[in-house]
Novice: 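Structure below; questions to follow.
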Amino acid sequence: MLSWGLLIIRLIVGISFMGHGAQKLFGWFGGYGLKGTGGWFDSIGMKPGVAMAFIAGLFELVGGLLFAAGVWTPVGAALIVLTMLGAIIKVHGKNGFWVTSNGIEYNLVLIAVAVGVALTGPGSFVLF
C-alpha cells in the first residue's frame, strides 16, 4: 500500500509542477509563456525576467517529470524545493503564513511533500 500512496502523491504533485512549467515555457494551460512570465518576473525584481522565467519553468517541468516518474526522485524533489523557495523569497514570504493572505503555507506543504518523498524513496511503481 505504501507504493500506491507514494505513486498518488508523486503523480499529482509531479504533473501539477509539469503543468506550471509548461505555462511558463510554452503558454499552455492558460499560462503567459516566457515573454509574459518574464515581464512579471522583471516587475518583482527577478532580472533578467525571461531568463529567470525559463529557469523556473525548466525546473518545474523537469522536476515534476522526474518526481512523477519516480526517476532520480531526489533531483526532481530538489528542483521542486528550489522553485518553491524562490516563490517564498520573491512573492509569498512578505505575506505571512496563511495561503488566504497569499502567504507561504502552500509552498511549505509542497516542500514537505517533495522532501518527504525524496527521503522515503519513490516506492515500487517507477517508470524504469
Side-chain angles (χ1 to χ4, degrees):
M1 295 310 284
L2 177 65
S3 289
W4 282 106
L6 288 166
L7 177 66
I8 292 167
I9 292 167
R10 286 188 1 252
L11 288 176
I12 297 299
V13 172
I15 291 170
S16 295
F17 269 91
M18 289 170 62
H20 281 280
Q23 288 176 320
K24 287 176 181 69
L25 294 172
F26 313 120
W28 296 354
F29 312 118
Y32 298 104
L34 282 176
K35 187 174 179 182
T37 304
W40 181 70
F41 275 23
D42 275 329
S43 77
I44 62 169
M46 294 179 72
K47 297 182 186 274
V50 171
M52 297 304 288
F54 176 77
I55 291 168
L58 190 64
F59 277 24
E60 289 174 338
L61 185 71
V62 173
L65 176 64
L66 294 174
F67 198 77
V71 177
W72 293 356
T73 308
V75 174
L79 293 173
I80 288 169
V81 169
L82 286 170
T83 304
M84 289 298 93
L85 287 175
I88 288 170
I89 292 166
K90 293 306 289 183
V91 179
H92 302 284
K94 65 181 179 266
N95 299 320
F97 181 76
W98 300 110
V99 73
T100 52
S101 300
N102 203 26
I104 66 172
E105 177 187 8
Y106 189 61
N107 305 102
L108 288 178
V109 168
L110 291 169
I111 288 171
V113 168
V115 170
V117 171
L119 294 173
T120 304
S124 300
F125 305 123
V126 297
L127 193 57
F128 50 85

Novice: Among Leu11, Ile12, Val13, which one satisfies side-chain contact (heavy atoms from CB on, under 4.5 Å) with Ile15?
Specialist: Leu11
Novice: Closer than 3.5 angstrom, by distance alone: can the side chain of Asn95 be matched with the main-chain N or O of Asn102 as a donor-acceptor pair?
Specialist: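 Side chain of Asn95 to backbone of Asn102, a donor-acceptor pair under 3.5 Å: yes, one is there.
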Novice: Excluding sequence neighbours, so at least two apart, what forms side chain to side chain contact (heavy atoms under 4.5 Å, CB included) with Leu119?
Specialist: Val115
Novice: Identify each donor-acceptor pair in which a side-chain atom of residues 28-35 lies under 3.5 Å from a protein atom, sequence neighbours left out, and give them as a table.
Specialist:
none

Novice: Could you give all pairs that pass the salt bridge (charged side-chain N to carboxylate O under 4.0 Å, His left out) test and reach residues 105-115, with sequence neighbours left out?
Specialist: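 As it turns out, there is no salt bridge (charged side-chain N to carboxylate O under 4.0 Å, His left out) pair with a partner in residues 105-115 once direct neighbours are skipped.
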Novice: Could you list all the ring pair (Phe, Tyr, Trp, His ring centres under 6.0 Å) pairs where at least one residue sits in residues 92-127, not counting sequence neighbours?
Specialist: Trp4-Phe125
Novice: Would you name the heavy atoms of Thr120 and Gly116 that are closest together and state the gap between them?
Specialist: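 What the structure gives for the nearest pair is OG1-O, 2.7 Å.
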Novice: Could you give all pairs that pass the salt bridge (charged side-chain N to carboxylate O under 4.0 Å, His left out) test and reach residues 111-128, with sequence neighbours left out?
Specialist: none
Novice: Please set out all donor-acceptor pairs under 3.5 angstrom arising from side-chain atoms of residues 75-90, sequence neighbours excluded.
Specialist:
| from | atom 1 | to | atom 2 | distance (Å) |
| --- | --- | --- | --- | --- |
| Thr83 | OG1 | Leu79 | O | 2.8 |
| Lys90 | NZ | Ile44 | O | 3.3 |

Novice: Establish whether Val99 and Ile111 are linked, either directly or via other cluster members, by ILVMFWY side-chain heavy-atom contacts under 4.5 Å.
Specialist: yes
Novice: Which atom pair, heavy atoms only, marks the closest approach of Val117 to Arg10?
Specialist: CG1-CG, 4.0 Å
Novice: If two hydrophobic side chains count as joined below 4.5 Å and joins carry through other members, does Val113 share a cluster with Phe17?
Specialist: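 Yes, Val113 and Phe17 fall within the same hydrophobic cluster.
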Novice: Applying ring-ring contact (aromatic ring centres under 6.0 Å, His included), can you list everything that pairs with Trp40, at least two apart in sequence or on another chain?
Specialist: none
Novice: Do Leu2 and Ile8 belong together in a cluster built from hydrophobic side chains that touch within less than 4.5 Å?
Specialist: no
Novice: Determine the minimum heavy-atom distance between Ala68 and Gly14, stating which atoms define it.
Specialist: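 Closest approach of Ala68 to Gly14: CB-CA, 4.0 Å.
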Novice: About how many Å separate CG of Leu110 and CD1 of Ile104, when rounded to the nearest 0.5 Å?
Specialist: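 Atom-to-atom, Ile104:CD1 and Leu110:CG are 12.5 Å apart.
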Novice: Can I get a per-line list of side-chain donor-acceptor pairs under 3.5 Å for residues 46-66, giving both atom names and the distance, sequence neighbours left out?
Specialist:
| from | atom 1 | to | atom 2 | distance (Å) |
| --- | --- | --- | --- | --- |
| Lys47 | NZ | Asp42 | O | 3.4 |
| Glu60 | OE1 | Gly21 | N | 3.3 |
| Glu60 | OE1 | Lys24 | NZ | 2.9 |
| Glu60 | OE2 | Lys24 | NZ | 3.2 |

Novice: Applying side chain to side chain donor-acceptor pair (under 3.5 Å), name anything that partners Ser3, two or more places apart in sequence or on another chain.
Specialist: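 Side chain to side chain donor-acceptor pair (under 3.5 Å) check on Ser3 returns Ser124.
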